[in-house]
Every structure is written in structure tokens, then in C-alpha cells.
Amino acid sequence: MSLRSICVFCGASPGANPLYRQAADELGQELARRGLRLIYGGGAVGLMGIVADAALRAGGEVIGIIPQSLERAEIGHRGLTCLEVVDGMHARKARMAELADGFIALPGGLGTLEELFEVWTWGQLGYHAKPLGLLQVNGFFSKLEGFLDHLVAERFVRPQHRDMLQIASSPTDLLDAMAEWRPTTAPKWVDRSPS
Ligand code: AMP
């Protein structure tokens, strides 16, 4: 499947290290440079605002999807190609997943992790066959990578499902890896036996 739209999950805060902001800016620019439409949560705050602004400045198309309840808190971005206001969080995530051909997580907090893991579990169950990527910035995700290896070692996650997540430290490498990725057909269950 050729990639046309990429959904980015990232912090509604900028984080402590300026490198996170720099990475969000670089990713936004690279998406626009490749003609990839950015789909994201629609906020103007934190890394969300930075990735959107960078893509727009570089001439890219940006679609934001924001729940009514969050529009004020995350300050719905007014300069987007399109800002869709939806009923709630479930509608937001479903709409972002529908519009995107692939998903990238940047540094972020609980919302970012929840969004990444949800879309990953959907891929694991075969609900979609879209690539997933993690932009590793200054080792931000290293402990998570270690824990993912632990899940595989403890036989709760298949290596093929762990490997659905492409990890790279530059937007260029990450987008290249995602473009080359092919879905696995492995079933979700490990050591499945009737109880
Ligand atoms: P965070 O990574 O916590 O800064 O949040 C990043 C984005 O995830 C923001 O747009 C939040 O509104 C959103 N978010 C926060 N909590 C959740 C949740 N439970 N499910 C999905 N998205 C969330």
C-alpha cells in the first residue's frame, strides 16, 4: 500500500528536552517534503502544534481531529487545512485511523502511548495492515523498547508483532522503513491452548 497520509501521535506538552521539539519540527517538514498528508489530534499545544506548524510552513496538508471537550484545553489549531471537531475521544481515534495509511509516535505522555498501543493492537489482530513507526529521539523510548523485548521473551507477544513497530532516529529512515514494511500474517495468540 502506498502511503499518502500519516497519523502522528505526540505529546500535548513540549517535553523537557529541546530535541523533542526539533524532532517534531523535522518530522512535519519531512512529511510535507514527501507530499504526505499529516493527520493528527488537532491541537495547537506542545509537540502537536509544532509538528502541524512545521508541515504547514513547508507547504503540507494537515488534517486535525479534535473532540469537542478538548478543543479549548488543547486549543484547536486554527490554521489547518481542515479541523474536524468530533463527539469524543473514541470518534477522534477512529477517524484518525480511518484517514491514515500509517502511524508514527513521537515522544509524548499517556495519551500518545495509549493511541500508539491501541492502533498496534488493531494491527496485531489484523483489523488493519498499516505500518507503525516510533521516532526515537535521544533515547526517549529506550526503556519502552526494553520492555517490549521483555514481553516477547515472556511469550506474551510474538516477535512478528513486536517487529510491526519500525523504530528509527530520523524521519527519513523511519518513513523509508514504513514504506517498505509488509504486514505479517501471524495469529495474535502465543502458545494458545484451550483452558
Ligand atoms: P499526551 O501524550 O498525554 O500529552 O497526549 C497526547 C494526545 O493524546 C492529546 O491529544 C490528548 O488529548 C490525547 N489523549 C489523552 N488521553 C487520551 C486517551 N485516554 N486516549 C486517547 N488519547 C488521549
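In listed order, ligands and their atoms are each counted from 1. Note that the coordinates shown come from a computational prediction; the quantities given were computed from them, not determined experimentally. Throughout, numbering of the chain's residues begins at 1 and tracks the sequence.
Taking CG of L135 as the start and CD of Q166 as the end, the distance is 13.0 Å to the nearest 0.5 Å. Distance check: Q124 CD to H128 NE2 gives 10.0 Å after rounding to the nearest 0.5 Å.
Taking 4.0 Å as the cut-off, P67 does not count as a neighbour of ligand 1 on heavy-atom distance. Ligand 1 lies out of reach of G43, whose nearest heavy atom is not under 4.0 Å from it. At a 4.0 Å cut-off, at least one heavy atom of R92 sits close enough to ligand 1 to count as contact. Note on ligand 1: G111 sits in its first shell, one or more heavy atoms being nearer than 4.0 Å.
Of the possible polar contacts, one joining the Q136 side chain to the F140 backbone as a donor-acceptor pair under 3.5 Å is found. Side-chain atoms of W120 come within 3.5 Å of backbone atoms of H161 as a donor-acceptor pair (strictly under, hydrogens ignored).
Ring orientation note: the planes of H77 and Y40 are nearly perpendicular, at an angle over 60° on the 30°/60° scale.
Applying the side-chain hydrogen bond (donor to acceptor under 3.5 Å, both in side chains) test to T112 and every residue at least two apart in sequence or in another chain returns nothing. For F156, the ring pair (Phe, Tyr, Trp, His ring centres under 6.0 Å) criterion is met by no residue, not counting sequence neighbours.
Residue M164 comes nearest to G123 through the heavy atom pair CE-C, 3.4 Å, listed as atom of the first residue, atom of the second, then distance.
Here the heavy atom of the protein found nearest to atom 6 (C) of ligand 1 is C10 O, 3.1 Å. Counting only heavy atoms of the protein, atom 21 (C) of ligand 1 lies nearest to E114 OE1, 3.0 Å.
When each atom of ligand 1 is checked for a heavy atom of T112 under 4.0 Å away, the hits are 1 (P), 2 (O), 5 (O), 6 (C). Close approach of ligand 1 to M48 (heavy-atom distance below 4.0 Å) involves ligand atoms 9 (C), 10 (O). Less than 4.0 angstrom separates some heavy atom of A12 from each of these atoms of ligand 1: 1 (P), 4 (O), 6 (C). With ligand atoms numbered from 1 in the order given, ligand 1 contributes 2 (O), 4 (O) to contacts under 4.0 Å with heavy atoms of G11.
Considering backbone and side-chain atoms alike, E115 places an N or O below 3.5 Å from some N or O of ligand 1. Note: an N/O pair closer than 3.5 Å links G109 and ligand 1 by distance alone.
Tested against F141, the residues L165, L134, I167, L106 include a single side chain to side chain contact (heavy atoms under 4.5 Å, CB included) partner, L134.
Heavy atoms of E74 found under 4.0 angstrom from ligand 1 belong exclusively to the side chain. When non-hydrogen atoms are compared, ligand 1 lies under 4.0 Å from the side chain of L70 (C-beta onward) but not from its backbone.
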